[in-house]
Amino acid sequence: MTDAVNVPSAKPSWLKRNKLAVAPWIFLIPALIFFAIYVVFPIFESLWLSLYEWNGLYDVDGNSTAVWVGFDNYVKLWDDPNFWVSLRNNIAWLILYMLAVPLGLFIALFLNQTVTGMRFYKSMFFFPFVISQVVVGLIFGWFYNPDFGVVGTIWKAIFCEETVNIVGNVAFSCSRPAPDILSSPEWATYGIIAAGLWPQIAYCMILYLTGLNNVAADQIEAARLDGAKGWKMLWYVVVPQLKPATFIAVVVTVIGALRSFDMIAIMTQGGPFGSTNVLSHYMYEVAISEYGERYGYGSSVATVLFGIMLFFISYFLWRMYQDERGGR
Amino acid sequence: MFLNVKTAVAAIALTAMAGSAFARDLVINFDDLNPGPKKGFEDAVELFKSENPDINVIVNINDREAHKTAIRNFLTADAPDVTSWYPGNRMAPFVDAGLFQPIDDVWEENGFVEDLAAIKPTMSRDGKIWGVPYSYYQWGIYYRKDIFDLLELEEPQTWDELLAACGKMKENGVTPFTIGTKFLWTAAGVFDYLNLRTNGYDVHNALTAGEIKYTDDRIRATFANWETLISECGFVENHASMSWQDAIAPFANGDAAMYVMGNFSVDGYKNAGLTEDQIDFMPFPTIDASIPGAEEAPADAFFIPANAKNVEDAKKFLAFVARPDVQTEWNKTIGQLPINSKAGISDDKFIQEGFALLNGAAGLAQFYDRDAPAAMAKAGMEGFQEFMLDPSKVDAILERLDTVQEEVYK
């Protein structure tokens, strides 16, 4: 005690000396705590839970009723046709969702002009990304409806005749039945992907529009002097400069494809008979939905999905790390 | 310090005891916010309060779907004294986890063993009775009376009559059945009836209890009849993308004439513009005359959680809800059927027919998705929907259901 009083301002406190090293951590702590509670801990909990069989109930004393089954859930998964259908659909989503990247680029190129009212057109193209996925799903569900949707109305105009039914109401008799996209096990998934592409294209478009602002005008000029135009100009001069935008567009599209849940839940609920399920929706179905209540099994589905995501995310992080080291 | 805590605890305990002597809390969780059911419940609670002024009744009413999720937590964490839930297999997970209390004494003391006899097997598990039902409703075929009259058709009593009637409807451009299988359970209604009529109540129970395989010859016979129903009668197209409410549209428009449904759907027909004269009800026709007619009649019931604090008054309330006069009033309000055989019914024609039908039934099934465990029900109903879209896949579907069955009931 006395020493401290006798030696004033001999040394600045530890905190002061390490201010620069400590400050970022102080700012990070709140985020880190929440990230740990809501993301990191649940990941490990669901990995752990996937080794149990559990219907989600606790007994009277609050003890979990889970039973340890080891890797049984994964063995079951291997033999579960619904799992493979979901996985196949996930792959279809991943591949077809990639169309959003080139389509977004072309719309961005198209909109990257100076015309009166261009801001309005741009915002119209961006609109689907702003509205909720649930709304997009509903709109497309109605759009595909064979009775009152756009598809059904056009079909009726071409293939159907108006007749009067037995009680005197208007009915239609069609030379061939209208396509019911969302009830068809073969086509329903593609119908939903098409709906999902609509907002995703808008997202990629906006990424490319900002990217196009940064394309160096002098390089375009130089290329033009050297006689480059059209596709060659696009491919060799513009696209390479858009590499950062392309990278982000691919990342968000891959993650968007793997996260696809809302549209499926709204448009088909995984049906008809599970043929439009993807892993995220199948996990919900077996674990949380009314007919699920198999939390261990659901966790094993979630673990597989997590593994797939981890693969992509690690790759992206590695790429980013490489780029940063390379100085870009 | 230690002494102080002790006295404080004692004081709290004393006040708690004294408090409970004056006004005892009875917490009831109910699961229907729709105007009719909510009013039926609230009226009953008011009557209960006036009969038991010393009980302080606290009511929590939740939405049906939210209740299904919430009950999984509140039974352990913060149990009410009484909660609504479903009998049959839906109560099984909670009974097995020890979260409900057996209430055999309530049944014996109040004579429910006789008055509620028909529903007793459904309310029982492991040889004990777990709840008290307050209401149920019939299933069957709702049909367009005016279309039947135009085609000079009578209510078909037998399978052959049904198929003949279908033939006549198709000749006249009417699709016999409407259905919407997007949410799957409607297809289970058709399956249940075909199975109850082809094989009877015991086979229904054995199947949903996992005692018979789906590839069993008896179940195959059910599917063969279903295939006949699809080819000779037929359902509306696009049923896989319609909900049960969407499927009312072709029925209301006169494009389809029959609907295998529960009595809750009558409101839907009326809202779609049909009048009481245009619609009527008939039991599902007999397929095999030697098999006694069993019906679908899903019941709603009340249970006492194992963690209930006021068990004594909870039992009082359970005895109250099954009383004939209470069930009469309650079910008049909600447009359903009382389960107590001494209760009276309203003069609505669907209720009258349903009451007669269920009272004469040889057995009451709770519905496929309540009798079978959840995982089996999901796979089964997906199979039914797939079959309805393509009956030729029957072998693959039944074999898959066998695999699921082995997994679920092991």
Side-chain angles (χ1 to χ4, degrees), chain A residues 53 55-65 72 76 79-82 141 144-149 152 163-174 177-185 188 191 267-275 277 285-286 288-295 297, chain B residues 65 68-69 72-73 75-77 79 93-94 96-99 144 146-147 150-151 169 172-174 181-184 237-242 246 249-250 252-255 257 278 305-307 369 373-379 381-390 397 400 403-404 407-408:
Chain A
E53 195 175 294
N55 63 3
L57 289 179
Y58 294 88
D59 68 10
V60 185
D61 307 317
N63 302 315
S64 160
T65 57
D72 257 19
K76 280 186 218 161
D79 296 324
D80 182 352
N82 285 330
Y144 291 141
N145 187 294
D147 291 317
F148 58 79
T163 55
V164 172
N165 72 11
I166 187 159
V167 291
N169 287 337
V170 175
F172 291 91
S173 72
C174 303
D180 188 1
I181 295 165
L182 294 182
S183 309
S184 141
M267 293 172 78
T268 60
Q269 299 218 320
F273 48 89
S275 57
N277 257 336
E285 198 177 282
V286 294
I288 302 162
S289 77
E290 190 180 346
Y291 299 113
E293 295 165 12
R294 289 188 293 163
Y295 285 81
Y297 195 55
Chain B
E65 297 307 313
K68 283 177 187 167
T69 319
R72 307 176 66 80
N73 295 322
L75 283 184
T76 312
F94 300 131
D96 294 347
L99 294 172
R144 285 288 299 262
D146 48 349
I147 297 181
L150 278 173
L151 298 174
M169 288 177 213
N172 289 279
V174 177
T181 60
K182 181 177 179 185
F183 298 99
L184 304 175
E237 280 163 10
N238 313 329
H239 59 76
S241 54
M242 289 195 284
D246 295 338
N253 197 43
D255 299 332
Q278 283 176 297
N307 277 345
D369 77 344
M376 185 71 242
K378 174 76 182 172
M381 295 192 302
E382 282 186 353
F384 301 156
Q385 188 195 37
E386 187 172 0
F387 175 79
M388 287 187 72
L389 290 175
D390 185 358
I397 294 169
R400 198 181 62 232
T403 324
V404 177
E407 173 58 35
V408 171

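In the text below, chain A, chain B and the rest are named by the order of the sequence lines, each starting its count at 1.
Contacts between A/Glu285 and chain B at a heavy-atom distance below 4.5 Å involve the side chain alone, from C-beta outward. Interface remark: A/Asp79 contributes no atoms to any contact with chain B (heavy atom separation under 4.5 Å). Residue contact with chain A, scored on non-hydrogen atoms closer than 4.5 Å, is absent for B/Met376. Heavy atoms of B/Phe94 lying under 4.5 Å from chain A belong to its backbone as well as its side chain. Neither the backbone nor the side chain of A/Val286 comes within less than 4.5 Å of any heavy atom in chain B. Neither the backbone nor the side chain of A/Asn145 comes within contact range of chain B; no heavy atoms are under 4.5 Å apart.
Note on A/Pro272, A/Ala188, A/Ala171: by heavy-atom pairs under 4.5 Å with chain B, the leading option is A/Pro272. Contact tally against chain A (heavy-atom pairs below 4.5 Å) for B/Thr76, B/Asn238, B/Leu99: the top residue is B/Asn238. Here A/Glu290 is the residue among A/Arg294, A/Glu290, A/Met267, A/Gln269 with the most heavy-atom pairs under 4.5 Å with chain B. The most heavy-atom pairs under 4.5 Å with chain A, out of B/Glu65, B/Met381, B/Glu386, come from B/Glu386. The most heavy-atom pairs under 4.5 Å with chain A, out of B/Asp369, B/Leu184, B/Leu389, come from B/Asp369. Taking A/Ile181, A/Ile166, A/Leu182 one by one and counting their heavy-atom pairs under 4.5 Å with chain B, the maximum is reached by A/Ile166. Chosen from B/Arg400, B/Lys378, B/Glu237, the residue pairing most often with chain A at heavy-atom distances under 4.5 Å is B/Lys378. For the options A/Val60, A/Thr268, A/Val167, heavy-atom pairs under 4.5 Å to chain B are most numerous at A/Val60.
In terms of modelled atom types and a separation under 3.5 Å, the side chain of A/Asp61 and the main chain of A/Asn63 share no donor-acceptor contact. A/Ser183 places a side-chain N or O within donor-acceptor distance of the main-chain N or O of B/Ser241, the cut-off being under 3.5 Å.
Partners of B/Asp246 by side-chain hydrogen bond (donor to acceptor under 3.5 Å, both in side chains), not counting sequence neighbours, listed by chain and number: B/Ser243. Every side-chain hydrogen bond (donor to acceptor under 3.5 Å, both in side chains) that B/Asp255 has, sequence neighbours left out, goes to A/Asn165, B/Asn253.
Inter-residue side-chain proximity for B/Lys182 and B/Gln385 is flagged as unmet; no heavy-atom pair is nearer than 4.5 Å. With a 4.5 Å cut-off on side-chain heavy atoms, B/Glu382 and B/Ile397 do not count as touching. Side-chain contact between B/Leu151 and B/Met169 is present, with at least one heavy-atom pair separated by less than 4.5 Å. Looking only at side-chain heavy atoms (C-beta outward), B/Thr181 and B/Phe384 stay at 4.5 Å or farther from each other.
Residue A/Gly191 comes nearest to A/Tyr144 through the heavy atom pair O-OH, 2.8 Å, listed as atom of the first residue, atom of the second, then distance.
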